[in-house]
2 protein chains.
Amino acid sequence: MQLCFTEGFPLPQPSKSTVLDTFDRKILDILQRDNTTPQRTIGEAVNLSAPAVQRRIKRMTTDGVIQANVAVIDPDALGQAITIFVEVEVISETAAQIEQAKREFSAVPEVQQCYYVTGAADFILIIVVPSMADYEALTRRLFFGNNNVKRFRTFVAMDRVKVGLSVPTSTA
Amino acid sequence: MQLCFTEGFPLPQPSKSTVLDTFDRKILDILQRDNTTPQRTIGEAVNLSAPAVQRRIKRMTTDGVIQANVAVIDPDALGQAITIFVEVEVISETAAQIEQAKREFSAVPEVQQCYYVTGAADFILIIVVPSMADYEALTRRLFFGNNNVKRFRTFVAMDRVKVGLSVPTSTA
DNA sequence: CCTTCGGTGAAACAAAGTTGCATAGAACGC
DNA sequence: GCGTTCTATGCAACTTTGTTTCACCGAAGG
């Protein structure tokens, strides 16, 4: 285990232009919900033998279609109860400075998700902290201490209505 | 398996006030990164036997600390390439109407995450769609078709810089 | 028509998860 | 202080699951 995760998923190389057939999609659909499902059970669900399922999973894993297998933890249980959204607007949008910002935001463990977006803001962060005091300290370090941050808007989550990373698998 | 997932995690009953010791936190830290890690390996990492690890995982699962075990899929591989943020502002904030909105948003498969927040907006949605045309259709159905939606602002993600649900496990 | 290649299922095998049991330590009451 | 109880542990057997091997089938192409 010498992989260097900055925390969060490394978002590896873009998946090779793999063609996913109906079997693959059905398998992914199951794994997205519960990746502890036995391959035999998956096999029955999709009408395939266990080894066939296993080969497909292995292929999709090496191809980067399956990026990670993780447990989802209740933040409350860890005392990390507050989820916060931040829209960040930067002053200078040169490529170098954007990359710099990406690296800075990603490096913070409390930053669960970070997106570079178009629109009224440049970055959107999803942050999880134990208390508002911690968030306050974080803003001081991350935003006020960064002279390329023009403005940021904070939204505090009162309810995590739906949380997931599941992607619709339908061919639609 | 007769659980009824609306898609996304059901966010079960609030975890009982379980006390998590250092062992638990270390185990969670590992499972958050890779829940395919053998229990024996985890045991070595935390200085515990495999059955001990297994019992703790089982307890945390039934207690709701571990909410789900899932595979993380690359949206690109499924042709669901566009990630979009939406800030939704509603007109009337009665309890009933908020609950109604929560249900409506949660029911949509393309809505990966939905939060009820304080601040300039009421809801924040994270949506994944194959194309802008699909998003346009979705807005028509979800926002313009809902007469309690006052306003919504869209942000399109150009880069998923960091994506994860990992919660810091440090006792801090 | 034959060959090749990708994919499959059945069976054997290896590795992981799971259970039962005896034990060690902490908290408590006597 | 002594014994009881409760909790959690490790070890070892056991079960389930993942993995590999191999022969076979069907489609694509010469």
Side-chain angles (χ1 to χ4, degrees), chain A residues 1-3 12 15-74 77-79 169 171, chain B residues 1-3 5 9 12 15-74 77-79 169 171:
Chain A
M1 180 61 93
Q2 51 183 355
L3 290 175
S15 55
K16 295 156 192 168
S17 55
T18 317
V19 186
L20 301 180
D21 60 17
T22 311
F23 285 132
D24 291 323
R25 289 176 184 273
K26 282 185 184 173
I27 293 172
L28 289 178
D29 195 45
I30 294 171
L31 292 181
Q32 270 194 133
R33 294 193 168 73
D34 181 7
N35 69 356
T36 65
T37 311
Q39 295 174 349
R40 291 155 212 254
T41 308
I42 299 177
E44 292 170 16
V46 303
N47 278 323
L48 230 51
S49 72
V53 172
Q54 127 93 346
R55 279 186 289 265
R56 284 166 179 272
I57 293 177
K58 188 176 180 182
R59 173 173 51 79
M60 291 191 284
T61 302
T62 58
D63 286 0
V65 175
I66 298 175
Q67 296 186 326
N69 289 283
V70 304
V72 180
I73 312 295
D74 180 10
L78 290 167
T169 50
T171 322
Chain B
M1 179 61 89
Q2 52 184 353
L3 290 176
F5 288 157
F9 317 128
S15 55
K16 295 155 192 169
S17 55
T18 316
V19 185
L20 301 180
D21 60 16
T22 312
F23 285 133
D24 291 324
R25 288 175 184 273
K26 283 185 183 172
I27 293 172
L28 289 178
D29 195 47
I30 294 172
L31 292 180
Q32 269 194 132
R33 295 193 166 74
D34 181 7
N35 69 355
T36 65
T37 311
Q39 294 174 349
R40 295 158 211 259
T41 308
I42 299 177
E44 293 170 16
V46 303
N47 277 323
L48 229 51
S49 72
V53 172
Q54 126 93 345
R55 278 185 286 264
R56 284 166 179 272
I57 293 177
K58 188 177 182 183
R59 174 174 49 79
M60 291 191 285
T61 302
T62 58
D63 285 0
V65 176
I66 297 175
Q67 297 188 325
N69 289 284
V70 304
V72 179
I73 311 295
D74 180 11
L78 290 167
T169 50
T171 322

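Order of the sequence lines sets the chain letters (A, B, ...), proteins ahead of strands, with each chain counted from 1.
Although no hydrogens or angles enter the test, the distance criterion places no donor-acceptor pair under 3.5 Å between the side chain of A:Asp63 and the main chain of A:Val65.
Of the listed nucleotides (C:dT19, D:dT9, D:dT20), D:dT9 has the atom at the smallest distance from the side chain of B:Ala52. Taking only side-chain atoms of A:Gln54, from C-beta outward, the nucleotide of D:dT19, C:dT18, C:dT8 with the closest atom is D:dT19. The side chain of B:Phe23 approaches D:dT9 more closely than any other nucleotide in the set C:dT19, C:dG7, D:dT9. When distances are taken from the side chain of A:Pro38 to each of C:dT18, D:dT17, D:dA8, the shortest belongs to D:dT17.
Atom CG in A:Asn35 sits about 15 Å away from atom C1' in C:dA16, given to the nearest Å. When rounded to the nearest whole Å, the span between CG of A:Leu31 and C1' of D:dG18 equals 14 Å. One can place CG of B:Asp34 at 13 Å from P of C:dA16, the figure rounded to the nearest angstrom. The CD1-P distance, from A:Ile57 to C:dT8, rounds to 12 Å in whole Å. Put simply, NZ on A:Lys58 is 14 Å from P on C:dG7, counting in whole angstrom units.
Listed in residue order, the members of residues 39-51 of chain B having a heavy atom less than 4.0 Å from DNA chain D are B:Leu48, B:Ser49, B:Pro51.
Remark: of the listed residues B:Thr22, B:Asp24, B:Asp29, B:Asp29 is the sole one forming a side chain to side chain donor-acceptor pair (under 3.5 Å) with B:Thr169.
Counting heavy atoms from C-beta outward, A:Leu28 and A:Leu20 have side chains that approach closer than 4.5 Å. Here the side chains of A:Asp34 and A:Ile30 are not in contact, with every heavy-atom distance at 4.5 Å or above.
Closest heavy-atom contact between A:Asn69 and B:Ala71: OD1-CB, 3.5 Å.
Taking only side-chain nitrogens and oxygens, A:Arg55 never comes nearer than 4.0 Å to OP1 or OP2 of C:dG9.
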Please set out all donor-acceptor pairs under 3.5 angstrom arising from side-chain atoms of residues 44-53 of chain A, sequence neighbours excluded.
unit_1: A:Ser49; atom_1: OG; unit_2: A:Ala52; atom_2: N; d: 3.4

